[in-house]
Undergrad: 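Below are the structure tokens for one structure; questions will follow.
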Amino acid sequence: MSSFDENDAFEGASLSARAMAALRPEADYLNELNPAQREAVELLDGPILMLAGAGTGKTKALTTRIAHLLNTGRARPNEILAVTFTNKAAREMKERVGRLLGQPAEGMPWLGTFHSICVKLLRRHAELVDLKSNFTILDTDDQLRLLKQLVQAANIDDKRWPARMLAGIIDDWKNRALTPDKVPAADAGAYNAKGVELYAQYQTRLRELNAVDFGDLLLHMVTIFQTHPDVLEQYQRWFRYILVDEYQDTNIAQYLWLRLLAGGHKNICCVGDDDQSIYGWRGAEVGNILRFEKDFPGAHVVRLEQNYRSTPHILAAASNVIRGNESRLGKELWTDKPEGEKVRLIGHWDGEEEARWIGEEIDAMQGGTRGVRPMSLDEIAILVRASHQMRAFEDRFLTIGLPYKVIGGPRFYERMEIRDAMAYFRLVVSPEDDLAFERIVNTPKRGLGDKAQQTIQRTAREHGVSLVQGARIALEQGLIKGKGGAALRELVEGLARWNAMTRGPRIEFEDDSVIDDGTAPVRYGLPEVSHIELAQIVLDESGYTAHWQNDKTPEAPGRLENLKELVNQLDNFENLQGFLEHVSLVMDNEQDSGGPKVSIMTLHAAKGLEFPAVFLPGWEDGLFPSQRSMDESGLKGLEEERRLAYVGITRAEEVCTISFAANRRVFGQWQNAMPSRFIDELPEDHVEVLTPPGLYGGGQMSAGIESRAAQANVYNSPGWKRMQARQGQYGMSQPRESRNTVIDATAVASFTLGERVFHQKFGYGGVVGIEGDKVEVEFDKAGTKKVVARFLSAKDDVPF
DNA sequence: GGCCCCTGACTTTTT
DNA sequence: GTCAGGGGCC
């Protein structure tokens, strides 16, 4: 996100003449649409709901609609408000609109995520909610630290009432657009009856800190719109057309925000799929999309039902499952693609066998011995319900040397080292950022424990100054002495020095002699070092880089890499401020390298993606649908789980393989489970049952599966035959023969017994055995494991 | 102040 | 079974 620029957003209104000329003739892009898409693009005025099933070309319709709005002169680029949920989606839309327009969509300042757009708006109107326009956006860590302080101050036992819980409750209220005064009495009992009180205190603290959390971005804007009709009206007029992506994921605050903005002209186009609403647990309201026609009387509803992604069998399976849901608007996906393979279903004895089998399947697919064509690992994905399921696959793939990547997981900017570095940068830019100071006073260790930190807090409070100032005063008064004191002095002086570097040398003017007493405005020239150099200086001089260099844990090299990457990212920004702004909202870490890999991710993370081959393991009742979801949310929870199943199946283009295991180790305990009830909802005619005979000693499988297995004549099914043939081919006992030639011919590295080695996942260790391309390593932390040689590097090779 | 051990939790996650 | 966070001990 570029820093807010009024001209950009409101005045630099028109596309360049070049771009106007480059707009394609209407018929051109309209002819590329199917009738439903075309309708969704051409109905420009009034409310419209585009119900876009999975794989029906919704982004195409959405971006074409924007192009059409511009092309027909209905709106200038900066008069269109287009909102998405993720930065990825926003980026993609920008790119595609740009392509349609024949120039980068720079001229669309209001295409972005809910949050980034709200930041822009809130910076303009911050004073209306008692903030300054340079407010900071807190990350979840800061938020939690703040709440912990409040909880402690209120003398609440944070054992019984964890701050995390309070954070959840407050988030929930904010998602529902409830300011402390609006929290209904029914909810007031939350968090030991102190919830609302603490919520109010928290908001006060945020205001004092000139800070907001993510929820506030929306909530403050809703408040402003509700209490300042003049401001609202200004934007209602400005945003002539509104487009919303993934409408089924909106929460109440977002819904209100949209309704307020669309209140005048009602030119709002919401795109979504009620069947893909899977974020109810974080405040999304399927109701928003189900209610659309009531909210916007006279709304047009356009259904995009032609699917361009999957084969008929896959679509039929998905449709039949989702049919089990009561509350849905109803759609039927169809395609003119050729039949393809049936959805495959297989049961396993346990989770490990499931992982083993999938590993072999992937091998075979890649080698071309399974399916109609050889597949690249990039075309294959494994989608799980819960992240702990990934482990079995990681272990297995590591052992057999199958390259994989885990998508999702902790994001780049959530990592400890990135947050620490960011806290330093924040302090350098704004020395009064107390939360940032708290984070890094003693990181790296400076010998400043609880006592010293309390002294700083107390001094700051007594003098009514920031913590950095408080620390300075405490030092002057000799309140903090010894090693800690020296280190603190170094830190405080460092911060002042780095801060000065952000401003460059002072420029003195002839007419007014400048005295920098902190009140008179001082003019500064350009900084003498670039912000990139400055960042490096800060990390080095603060001792933070050294902290990780001296760290001997296996993660340390990776963390240093991340820090390097962070500094590299600065290149895309003009200064630290701009970067900080960006990073609090954005920044994902999707770089990956080194050849094709199987993707492993959660079903949630898979939304919006597609793969030729998809594996859906772990379809067991309790795991999927998740027991917890059903316990906590009953039928609503089950329906959301079912939508998750629908999302999973519809990710597949050519082959979809569903599997379940009779036994699985859960929290260290072996448990047996019934196949998922969703399996019973798969349509027989479109499913091929691969379950080998005799695997289930009767009674393990549900009657439905058993009868289905019988009907499908398992023993004669093509899949079963193929499996037999394949097993005959190279035998189950040593199925790994083709490995090296397929994956990596250079794999057989030579290691010697006793040699120190490093492994990305397991860390450091010593070689205790060698068998062909597999090396047995006794890891310092992870125990003894057999791993493929190519995943090991000699200890000196470790990148620093 | 730092390390170690014990306890308890344990679905999904963007901004 | 694993991990994180907190308490207690050195």
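In what follows, every chain begins at residue 1, and chains take the letters A, B, ... in the order their sequences are listed.
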Undergrad: Judged by each residue's nearest nucleotide on DNA chain B, which is more toward the 5′ side, Leu448(A) or Ser633(A)?
TA: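 By nearest-heavy-atom nucleotide position, the 5'-most residue is Leu448(A).
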
Undergrad: Return the 5'-most residue of the pair Gly447(A), His604(A) with respect to DNA chain B, ranking by each residue's nearest nucleotide.
TA: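 The residue closer to the strand's 5' end, by nearest nucleotide, is Gly447(A).
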
Undergrad: Less than 4.0 angstrom from a charged side-chain N to a carboxylate O is my criterion; do Asp433(A) and Arg426(A) meet it?
TA: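 A salt bridge links Asp433(A) with Arg426(A).
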
Undergrad: From NZ of Lys607(A) over to P of dT14(B), roughly how many Å is that when rounded to an integer?
TA: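 Interatomic distance, NZ of Lys607(A) to P of dT14(B): 12 Å.
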
Undergrad: What is the distance from CG of Leu644(A) to P of dT12(B), rounded to the nearest Å?
TA: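 The answer, rounded to whole Å, is 11 Å.
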
Undergrad: Mind calculating the distance between NZ (Lys88(A)) and C1' (dT13(B)) to the nearest angstrom?
TA: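 Rounding to the nearest Å, NZ of Lys88(A) and C1' of dT13(B) are 14 Å apart.
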
Undergrad: Below 30° counts as parallel, above 60° as perpendicular, anything between as tilted: where do the rings of Tyr544(A) and Trp548(A) land?
TA: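 The arrangement is perpendicular - the two ring planes meet at more than 60°.
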
Undergrad: Let's see if you can work this out: which of dT13(B), dG2(B), dT11(B) has an atom nearest to the side-chain heavy atoms of Tyr279(A)?
TA: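 Of the candidates, dT13(B) comes closest.
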
Undergrad: Is Lys174(A) paired with Asp171(A) through a side-chain N to carboxylate O contact shorter than 4.0 Å?
TA: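 Judged by the 4.0 Å cut-off on N to carboxylate O distance, Asp171(A) and Lys174(A) do not form a salt bridge.
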
Undergrad: Can you check whether Asn87(A) has a side-chain N or O nearer than 4.0 Å to OP1 or OP2 of dT15(B)?
TA: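 Checking dT15(B) against Asn87(A), a side-chain N or O does come within under 4.0 Å of OP1 or OP2.
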
Undergrad: Categorize Lys445(A) for me: base, sugar-phosphate, or nothing, with a 4.0 angstrom heavy-atom threshold over every strand shown.
TA: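 Sugar-phosphate contact only - Lys445(A) comes under 4.0 Å of backbone atoms but never of a base.
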
Undergrad: What's the closest nucleotide to the Arg385(A) side chain, out of dT14(B), dG2(B), dT12(B)?
TA: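 Closest nucleotide to the Arg385(A) side chain: dT12(B).
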
Undergrad: Give a yes or no on whether a salt bridge exists between Arg677(A) and Asp621(A), defined as a side-chain N under 4.0 angstrom from a carboxylate O.
TA: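 Salt bridge flag = yes for Asp621(A) with Arg677(A).
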
Undergrad: Which pair of heavy atoms, one from Gln276(A) and one from Lys607(A), lies closest together, and at what distance?
TA: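 Residues Gln276(A) and Lys607(A), closest heavy atoms: O-NZ, 3.5 Å.
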
Undergrad: Using only side-chain N and O atoms of Thr602(A), determine if any of them is under 4.0 Å from OP1 or OP2 of dT13(B).
TA: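 Affirmative; the distance criterion is met.
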
Undergrad: Regarding Glu641(A), tell me which of base, sugar-phosphate or nothing describes its non-hydrogen contacts under 4.0 Å with the strands shown.
TA: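 Here Glu641(A) touches the bases of the nucleic acid.
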
Undergrad: Among dT15(B), dG2(B), dT11(B), which nucleotide has an atom closest to any side-chain atom of His115(A)?
TA: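 The answer is dT15(B), which lies nearest to the side chain.
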
Undergrad: Distance under 4.0 Å to a non-hydrogen atom of chain A counts as contact; along DNA chain C, which nucleotides mark the start and end?
TA: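 The footprint of chain A covers dG1(C) to dG6(C).
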
Undergrad: Given dG2(B), dT12(B), dT11(B), which nucleotide is nearest the side-chain atoms of Phe667(A)?
TA: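 Given the options dG2(B), dT12(B), dT11(B), the side chain of Phe667(A) is closest to dT11(B).
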
Undergrad: If we take the C1' atom in both dG5(C) and dT12(B), what is their distance in whole Å?
TA: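 Result for the C1' pair: 23 Å, nearest Å.
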
Undergrad: Any chance you could lay out the side chain to side chain contact (heavy atoms under 4.5 Å, CB included) test for Gln457(A) and Leu467(A), step after step, and finish with the verdict?
TA: CA-CA 6 Å; Gln457(A) 295 268 6; Leu467(A) 290 180; 3.8 Å; yes

Undergrad: Rounded to the nearest angstrom, tell me the gap between atom CG in Asp249(A) and atom P in dT15(B).
TA: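 Asp249(A) atom CG is separated from dT15(B) atom P by 12 Å.
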
Undergrad: Need one value for Ser629(A): base, sugar-phosphate or nothing, where a base atom within 4.0 Å counts as base even if backbone is also close, heavy atoms only.
TA: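 Ser629(A): base contact, heavy atoms under 4.0 Å.
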
Undergrad: In whole Å, I'd like the distance from the NE2 atom of His388(A) to the C1' atom of dT11(B).
TA: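 After rounding, the reported distance stands at 7 Å.
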
Undergrad: Categorize Thr86(A) for me: base, sugar-phosphate, or nothing, with a 4.0 angstrom heavy-atom threshold over every strand shown.
TA: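 Sugar-phosphate: the residue Thr86(A), judged by heavy atoms under 4.0 Å, touches backbone atoms but no base.
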
Undergrad: In sequence, state the C-alpha distance, the side-chain angles, and the governing distance for Arg439(A) and Thr443(A), and then conclude on side chain to side chain contact (heavy atoms under 4.5 Å, CB included).
TA: CA-CA 7 Å; Arg439(A) 182 176 182 107; Thr443(A) 312; 5.8 Å; no

Undergrad: What nucleic acid atoms does Ile137(A) come within less than 4.0 Å of, heavy atoms only: base, sugar-phosphate, or nothing?
TA: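 No contact.
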
Undergrad: Which listed nucleotide (dT14(B), dT11(B), dT13(B)) is nearest to the side chain of Trp281(A)?
TA: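 Between dT14(B), dT11(B), dT13(B), the one nearest the side chain of Trp281(A) would be dT13(B).
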
Undergrad: Whole angstroms only, please: what is the CG-C1' distance between Asp245(A) and dT14(B)?
TA: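 Nearest whole value for this atom pair: 14 Å.
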
Undergrad: Using 30° and 60° as the class boundaries, would you call the ring planes of Tyr279(A) and His604(A) parallel, tilted or perpendicular?
TA: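 Answer is tilted, since the angle falls between 30° and 60°.
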
Undergrad: Would you mind reading off the distance between Phe214(A) atom CZ and dT14(B) atom P, rounded to a whole angstrom?
TA: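 In whole Å, dT14(B) P lies 11 Å from Phe214(A) CZ.
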
Undergrad: Roughly how many Å is it from CD in Gln254(A) to C1' in dT15(B), rounded to a whole number?
TA: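 Those two atoms, CD and C1', are 9 Å apart.
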
